[in-house]
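To start, the structure under review is shown below, and the notes come after it.
Note: hydrogens, waters and symmetry copies are ignored here, and every other heavy atom, side chains too, is used. Both counts, for ligands and for their atoms, begin at 1 and track the order of listing.
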Amino acid sequence: MVTPEQLSHAAELIRAGELVAFPTETVYGLGANALDAVAVRRIFELKGRPSTSPLIVHVDSVAMAQSLVTSWPPMAAEMAGRYWPGPLTLVLPKRTIVPDEVTAGLNTVGIRMPAHPVALALIGAAGVPIAAPSANRFKQLSPATAEHVRDAFGGAVYVLDGGPSDVGIESTVVSLAGPEPLLLRPGMIAFLDMAVATARAEGAHASPGMHERHYSPRTRLVMVEGGALPAGRVAYVWWRVPANASRTVKMAVDPEQYASELYSTLHELDREGWDVIAVERPPDDAAWAGIADRLNRASR
Ligand code: TXA
Ligand code: MG
């Protein structure tokens with residue numbers, strides 16, 4: 001899917017301060033050299049993203065992560081040991097080499113080691129950490145394929161095609177910058193066996209950039225219960241209760257599988273032009289928290 005020539009071209013672009021869209025196991029990222037403030041500004045311009053929304057920095061080793069932070073507490077070692085490479089972002093106090101553009105002026109930086117081989121190879125070949133938000137225009141649906149990225153940006157950015165993202169929704173974000181671990185954004189790592197407090201949206205620890213309406217298709221999206229559908233030409237996304245609609249999509253009952261299909265399903269239904277996308281509410285269960293969070297935001 002990605003040739004060595006494409007990879008080295010992409011790495012050269014990163015080193016030259018250009019942008020590259022690349023696959024990760026969660027969603028596709030729009031990347032730039034995280035240590036180059038001018039390059040990072042290009043990400044915000046291309047996405048139309050407000051500069052108040054911090055970016056996640058992608059690394060290919062714990063050593064690279066440690067080079068960006070002033071402390072690496074035992075909890076960071078434990079979580080990275082368990083979940084990296086993987087869909088977990090750790091927020092830690094930053095060193096000054098990380099430009100303010102990356103962190104939206106915060107004194108912390110969000111870091112993760114992605115599990116996709118192409119992402120790891122790109123970081124390795126570029127030899128620098130790569131700052132990357134999801135490769136979509138601001139507030140729109142995140143890309144699960146290279147085609148979704150091209151639909152959003154056309155020829156404006158070089159895209160490495162590493163196939164469909166398999167986790168399917170964005171990483172879990174945990175802050176380790178305070179006295180205890182704090183969940184800033186739920187994802188598919190649910191910490192079923194670890195004490196992690198959840199940040200209240202209105203609370204002092206709220207994660208900047210967690211805009212209420214986010215991750216949205218253009219088509220209106222509503223959450224429904226028990227197949228109670230709104231009027232109109234409705235596309236119905238269900239996992240448990242079948243109902244009659246103009247179009248129905250049966251999702252997996254397993255949350256991992258469900259998440260991996262979610263954005264592709266929404267992109268497809270969005271292209272088809274229904275009046276409403278009605279999504280059967282997922283279970284109120286920790287394993288589904290990331291999915292429920294994205295659907296709730298999309299339905300606002
Ligand atoms: O899975 C993912 O995390 C994907 C892939 C590309 O890695 N990236 C992603 O980036 O979802 P983005 O920009 O769409 O979301 C980053 C979010 C921010 O909106 C913010 O909520 C949180 O991560 N974040 C990043 N740095 C932070 C910091 N220093 N403090 C608090 N929250 C931070
Ligand atoms: Mg995003």
Given that the side chain starts at C-beta and the backbone is N, CA, C, O, which of these parts of [X] lies under 4.0 Å from ligand 1, counting heavy atoms, or is it both or neither?
{"X": "K94", "result": "neither"}
{"X": "T26", "result": "side chain"}
{"X": "T103", "result": "neither"}
{"X": "M188", "result": "neither"}

Note to self: Please check: side-chain N/O of S264 versus main-chain N/O of E261, any donor-acceptor pairing under 3.5 Å?
What the structure shows: no
Next item on the list: Identify, with sequence neighbours excluded, every residue that meets side chain to side chain contact (heavy atoms under 4.5 Å, CB included) alongside P230.
Entry: V222, V224, V234, V276, A278
Please indicate whether any nitrogen or oxygen in [X] is less than 3.5 Å from any nitrogen or oxygen in ligand 1.
{"X": "H58", "result": "yes"}
{"X": "T24", "result": "no"}
{"X": "Y28", "result": "no"}
{"X": "R112", "result": "yes"}

Checklist line | the Mg ion (ligand 2): protein N, O or S atoms that are less than 2.8 Å away, sorted by chain | finding: S134 OG
Next item on the list: Name all residues meeting the salt bridge (charged side-chain N to carboxylate O under 4.0 Å, His left out) criterion together with R220; count only those two or more places apart in sequence or in a different chain, and write none if there are none.
Entry: none
Checklist line | W238 six-ring centre to K250 NZ/CZ under 6.0 Å and within 45° of normal | finding: yes
Considering only distance and modelled atom types, tabulate donor-acceptor pairs under 3.5 Å from the side chains of residues 110-122, sequence neighbours left out.
unit_1 : atom_1 : unit_2 : atom_2 : d
R112   : NH1    : E25    : OE1    : 3.4
R112   : NH1    : E25    : OE2    : 2.9
R112   : NH1    : G86    : O      : 3.0
R112   : NH2    : T24    : OG1    : 3.0
R112   : NH2    : E25    : OE1    : 3.4
R112   : NH2    : T26    : OG1    : 3.1
H116   : ND1    : V118   : N      : 3.0
H116   : NE2    : G162   : O      : 3.1

Check: Does the ring center of H9 lie less than 6.0 Å from the ring center of Y158?
Finding: yes
Note to self: Could you check whether R185 pairs with E170 (Lys NZ or Arg NE/NH1/NH2 to Asp/Glu carboxylate O, under 4.0 Å)?
What the structure shows: no
Notebook entry, point to check: If you count the atoms of ligand 1 from 1 in the order shown, which ones are under 4.0 Å from a heavy atom of L106?
Noted result: 28 (C), 29 (N), 30 (N)
